Amino acid sequence: MRKELEKTYDPSQIEDRLYANWCEKGYFTPQVKNGGKPYTIVIPPPNVTGQLHMGHALDETLQDILIRYKRMQGYNTLWLPGTDHAGIATQIKVEEHLRKTEGLSRYDLGREAFLEIVWNWKGQYGSRIINQLKKLGSSCDWSRERFTMDEGCSKAVKETFCSLYEKGLIYRGYRIINWCPNCLTALSDAEVSYEEQKGAFWHINYPVKGEEGRYLQVATTRPETMLGDTAVAVHPEDERYADLVGKMLVLPLVGREIPVVADEYVEKDFGTGCVKITPAHDPNDFMVGERHNLEQIKVMTDDATIVEGYGRYSGMDRYTARKAIVEDLKEQGYLVKVEDYAHNVGVCYRCGTTVEPMTSDQWFVKMEPLAKKAIEVVEKGEIRFEPERFSKIYLHWMNNIRDWCISRQLWWGHRIPAFYCDDCGKMEVSRESSVNCPCCGKEMRQESDVLDTWFSSALWPFSTLGWPEKTEELGYYYPTSTLVTGYDIIPFWVSRMIVMGMEMMNERPFETVFIHGLVRDAQGRKMSKSLGNGIDPLEIIDKYGADALRFALATGNSPGNDMRFSDEKIEAARNFNNKIWNAARFVLMNLELEEIALPATEDLEIEDKWILSRLNTVTKEVCENLDHYELGIAPAKLYDFVWSEFCDWYIELLKPRFADKGSKSNLVAQNTIGYVLIGIMKLLHPYMPFITEEIFASLPTLKGEDAESIMISSYPAYTESLSFPEDEERMEKLIDLIRAIRNRRAEMNVPPSKKAQLYVVSERGDVYNEKTAKFFEKLASASAVTYCSEVEDRSAVQIVAGGATAFIPMGDLVDLEKEKARLAGEVKKVQGEIARLEGKLSNQGFLAKAPAAVVEGEKAKLAKYKETLSQLEDAIAKM
RNA sequence: GGAGGCAUAGCUCAGCCGGUUAGAGUGCUUGCUUGACAUGCAAGAGGUCACUGGUUCGAUUCCAGUUGUCUCCACCA
């Protein structure tokens, strides 16, 4: 039944096969009826037409680690995947494609035909990202895969919208919003990012009406908006302009008369202390305008060109108009000066176009009442952020929340379920798909706008489990356990899921929010298309395997911190895979058993107890790390354990026993190493699912466990009876001495092939005895080992370590004087340590206040150093 | 303007609740075809844990400040 492992490790030969098998066996598909403790993760839905990038890979890896760990611990684990329709992103992509291939715009096709094309596009490319996720080994339940625009999610969206509207939490209003002149849609505040741009600060004189020669000087970074000015504001306490408040100014170029108003918003000391007010094109001006009942004059169309009625400026693009207006102002003598000025400009987070603030009719969610519960649930600790500091970012965002503009002038998305009667002007919000006017009975026209993509994403934790139906799954798996995501979408997604969960389900959507950082390139730059520095995870998988990618992404970075991805890291991970593979091959070459059973304690040799005890300790630590979301520490520990202890020492120590076929010691060794290797595979499985499964399948089974797959076997747990601290200590002494001997030999340039006699003087028969003598022969190039209480001839290399003194007679190679000097150096070092410890231990404060265990620890260290010192002194004295 | 992160070996980074002889990977030096692995083995060099104070018996670790650096939020026209 058992397969042999190929001589070389080739992930491409095993990964797809194992994944297909797991899917076929249904391991990813949990059943409610199986009961047990549920553990649920909902995948952050990637854009349906997107492609896998490193950010996804990290996200998926971390989630799969958690889910595989919990699954092996016996939880009823559901990891529910799906994709997001990604309104703007997808629509832009399809429109671009249409323009390039057929020269058509969406308006040429009309809404219905265009949407059909987008759906086809989704059908064609929607599975791409899903298949890419599978390459990573993600153990998602694909049978429950969802899409934010599928029937169920659409129903949830409609229900939520109507319910919030009925509660007065959704309203339609004419407000100032962020407008993207390229995407031709409104954006929420979260969808605007700011970048610093070099601009200018134009100072313009606005003449005071009826006072010839008197001007008010305003300064602006956006002169084109002056066309829409309806006032100039000054600070109420600014004496300079006090007499002008209430007077009228004549707007240059336009000729409109506008008032001077007093408003606290103005800062006296900035610029000239006079601010031109354009309520229709600036959010702050909009608020000033509301306070003073100013007219809102919109001067730009949706594509940011100047509207009709402004002479030669009309029809000009906003930047062309800016130039023209500045020219004219200069010509007509209104322009006072121009300064260079760097300022932040809002841009569309999708296309990068400079956003134009504009007044517009849009739909909003009233956030303040909703935020209340969402703040409470985090403050009370019912939802925990991991690392904790991200709760601050969240709370800051929620405490300063503004109403959420949810309407988008797009076609791809959830159409807002509001209906208008063109005859009587009535508006209805309804769950029905067609509505007749309650007054005139005429069929009403549905709102053409769609909802912000994040509206449906906000419902994801429960809409995917069947809500608004009261499904069994919803009852069992909700609230979900952990949400894993990058810190960059806390405002977009995390906060809104909490809001909606609390409002619609009256229950938190998840218990823990596990936040990770960004994956950057080797130089620490953000990976981006424009820089071309993105590393394609699929190429990495092809070259190194998914296990290597996962291990590289997960290892050694602390939660929430950005990480750099480099060739070195992935190569280190690949090499580790290779190491594991070869270690397993070695073990298999020496295993004749059909079943592994843990040997009785009394049959175990020192090295067996040592490795079992170490495995036990590592198991405990790894579980603790995983339980505390320290996903970067656990694999580093396993790496060290596997490589530096299991491979470098245990395997080497067993070689003589494996050579001794048929002996009892050999049998014990087979069972022990089998047991340890299975344990290692299980511990590593969440990180490296493929290689561990392949090796697990090749190994004999563990007695009492007949798991057909490692992924449904039980995760190791700390076992008291497998803790052997004394044997660990003994083994470590042996290792110390062997290392010290190797060190000496290397320093003296003695080739490993040259074997030498070895005398070991020690009182510790439990460490240095016949059984351990073979270690020295094998690992310290000893030709023969003699344990004794004293040696006659001390003209040898003397090595003090591990509680013993080793002598290697090297004849001519030994320069006694040099040896003495070297040992004297060591004496000095040890004396230093002793002095430090004695100082510490004579400190009354330390003795009185330090915990007893620490004091004991220091005393033990001192004793050890003192023993070493006396051995060193003895060695020198007898030379 | 507000908030937060980071600063430890040449490089990239770990170091959880204060007590370690301060670690790893990689790079570097030296020696090895050691019957699993050269994607390897063995040995070694390399750190004033940014700076200044404070708390403490004890600080790389906790606190405050300084400097450098990155990010997020706000958006003074």
Side-chain angles (χ1 to χ4, degrees), chain A residues 5 7-9 189 193-194 201 218-222 225 233 265-267 269-272 274-278 282-285 288 343-346 387 389-390 392-393 396-397 400 487-488 490-491 517-518 522 524 526 544 555-558 560-564 566-569 571-590 621 624-625 628 630 632-633 636 639-640 644 647-648 651-652 655 659 739 742-747 749-753 778-779 781 829 832-833 836 840 843-851 853-855 857-858 861 865:
Chain A
L5 297 178
K7 187 146 197 288
T8 49
Y9 162 63
D189 294 335
S193 50
Y194 289 86
F201 210 27
V218 300
T220 180
T221 54
R222 308 187 52 212
T225 61
Y265 155 71
V266 180
E267 280 198 31
D269 303 327
F270 186 82
T272 57
C274 306
V275 185
K276 62 190 256 335
I277 301 296
T278 323
D282 183 282
N284 288 306
D285 293 5
V288 174
H343 61 141
N344 282 333
V345 175
R389 68 182 133 95
F390 289 103
K392 277 190 212 152
I393 292 174
H396 181 262
W397 170 263
N400 295 287
Y487 58 71
D488 50 333
I490 292 175
L518 268 36
K526 221 165 165 170
Y544 299 98
T555 304
N557 79 305
S558 54
N561 283 6
D562 290 353
M563 65 164 305
R564 296 184 192 207
S566 61
D567 288 349
E568 287 170 5
K569 232 173 222 165
E571 275 170 23
R574 187 268 320 265
N575 293 352
F576 183 45
N577 272 287
N578 186 253
K579 186 74 181 175
I580 292 169
W581 187 261
N582 280 296
R585 266 193 338 116
F586 172 80
V587 172
L588 282 167
M589 283 163 56
N590 291 285
E621 290 175 358
E624 278 171 6
N625 289 146
H628 295 134
E630 292 159 352
I633 299 177
Y639 180 100
D640 282 344
S644 329
C647 291
D648 288 351
I651 284 184
E652 292 307 320
K655 281 178 179 171
R739 283 223 172 96
R742 285 172 175 171
N743 176 352
R744 273 289 44 222
R745 289 179 56 109
E747 272 176 13
N749 289 320
V750 184
S753 52
K778 169 90 182 121
L779 299 172
S781 300
K829 236 164 108 185
E833 288 300 320
R836 190 178 62 83
K840 207 170 188 178
N843 181 336
Q844 289 309 312
F846 175 72
L847 292 173
K849 295 187 179 172
V854 172
V855 177
E858 299 296 298
K861 263 189 249 170
Y865 281 122

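What you see below is based on every heavy atom in this structure, not just the backbone, and it leaves out hydrogens, waters and symmetry mates. Residue numbering restarts at 1 for every chain, and letters A, B, ... go by the order of the sequence lines. Owing to the predicted nature of the structure, the values given are computational and were not obtained by experimental measurement.
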Trainee: Let me know, please, whether A:Phe586 or A:Ala572 comes out on the 5' side of the other along RNA chain B by nearest nucleotide.
Mentor: A:Ala572

Trainee: Can you see whether A:Asp562 engages A:Tyr487 through a side-chain donor-acceptor pair at a distance of less than 3.5 angstrom?
Mentor: yes

Trainee: Measure the distance from CG on A:Asn400 to P on B:rA3 and round it to the nearest whole Å.
Mentor: 12 Å

Trainee: A side-chain contact here means heavy atoms from C-beta on lying under 4.5 Å apart; do A:Phe586 and A:Asn590 qualify?
Mentor: yes

Trainee: Determine which bases of RNA chain B form Watson-Crick or G-U wobble pairs with both distances under 3.5 Å, and write the result as a 5' to 3' dot-bracket string with | for other-strand partners.
Mentor: (((((((..((((.....[...)))).(((((.......))))).....(((((..]....))))))))))))....

Trainee: Quote, to the nearest angstrom, the C1' distance that separates B:rC17 from B:rA59.
Mentor: 15 Å

Trainee: Is any side-chain heavy atom of A:Ile393 closer than 4.5 Å to one of A:Arg389?
Mentor: no

Trainee: P atom, B:rC16 versus B:rC63: distance in rounded Å?
Mentor: 13 Å

Trainee: Looking at B:rC72, B:rA77, B:rG4, which one has an atom nearest to any side-chain atom of A:Lys526?
Mentor: B:rC72

Trainee: Would a 4.5 Å heavy-atom cut-off, applied to side chains only, mark A:Thr225 and A:Asp282 as touching?
Mentor: no

Trainee: When rounded to the nearest Å, what value does the distance between P atoms of B:rU29 and B:rG65 take?
Mentor: 46 Å

Trainee: Could you give the distance separating B:rA9 and B:rG47 at their C1' atoms, to the nearest angstrom?
Mentor: 5 Å

Trainee: Compare every heavy atom of A:Val288 with every heavy atom of A:Ile277, then report the nearest pair and how far apart it is.
Mentor: CD1-CG1, 4.0 Å

Trainee: How many whole angstroms separate atom CD1 of A:Ile393 from atom P of B:rU71?
Mentor: 14 Å

Trainee: What's the gap between B:rU26 and B:rC62 when it is taken at their P atoms, as a whole Å value?
Mentor: 29 Å

Trainee: If I compare all heavy atoms of A:Ser781 with all of A:Pro752, which pair ends up nearest, and what's the gap?
Mentor: OG-O, 3.2 Å

Trainee: For A:Phe270 and B:rC75, give me the distance from atom CZ to atom P, rounded to whole Å.
Mentor: 15 Å

Trainee: Just how far is it from atom OH of A:Tyr544 to atom CD of A:Glu571, taken to the nearest 0.5 Å?
Mentor: 4.5 Å

Trainee: Return the value, rounded to whole Å, for the distance between atom CG of A:Asn749 and atom P of B:rU30.
Mentor: 12 Å

Trainee: Are the side chains of A:Arg742 and A:Arg745 in touch, meaning some heavy atoms are under 4.5 Å apart?
Mentor: no

Trainee: Please check if any side-chain donor atom of A:Arg585 sits under 3.5 Å from a side-chain acceptor atom of A:Asn582, or the reverse.
Mentor: yes

Trainee: Say you pick atom C1' in B:rG54 and the same atom in B:rG18; how far apart are they, in whole Å?
Mentor: 15 Å

Trainee: Kindly label the base of B:rC73 as syn or anti, based on whether its glycosidic torsion lies within 90° of 0.
Mentor: anti

Trainee: Can you see which heavy atom on A:Ala583 is nearest to which on A:Ile651, and at what distance?
Mentor: CB-CD1, 4.0 Å

Trainee: For atom C1', what is the distance between B:rG27 and B:rC11, given to the nearest Å?
Mentor: 7 Å

Trainee: How long is the straight-line distance from CD1 of A:Ile490 back to NE2 of A:His396, given to the nearest 0.5 Å?
Mentor: 13.0 Å

Trainee: Is the closest side-chain heavy-atom distance between A:Ile580 and A:Tyr9 below 4.5 Å?
Mentor: no

Trainee: Should we say atom NZ of A:Lys829 is surrounded by more than 12 heavy atoms from elsewhere, each under 6.0 Å from it?
Mentor: no

Trainee: Reading nucleotides 37-50 of chain B from the 5' end, what letters show protein touch, with B for base, S for backbone sugar-phosphate only, - for no heavy atom under 4.0 Å?
Mentor: B-BSSSSS------

Trainee: Any chance you could list the contact pattern along nucleotides 8-21 of chain B? Use B for base contacts, S for sugar-phosphate-only contacts and - for none, protein heavy atoms under 4.0 Å, 5' to 3'.
Mentor: ----SSSSB--BSB

Trainee: Reckon A:Leu518 touches a base, only the sugar-phosphate, or nothing at all at heavy-atom distances under 4.0 Å?
Mentor: nothing

Trainee: Can you check the A:Tyr487 OH to B:rC73 C1' distance for me, whole Å?
Mentor: 14 Å

Trainee: Could you give the CG-to-C1' distance, from A:Asn344 to B:rA77, as a whole number of Å?
Mentor: 14 Å

Trainee: Please state the C1' separation for the pair B:rC28 and B:rG46 - nearest whole angstrom.
Mentor: 9 Å

Trainee: A:Arg222 CZ to B:rA77 P: how many Å, rounded?
Mentor: 11 Å

Trainee: Among B:rG5, B:rA36, B:rC32, find the nucleotide with the atom closest to the side chain of A:Arg389.
Mentor: B:rG5

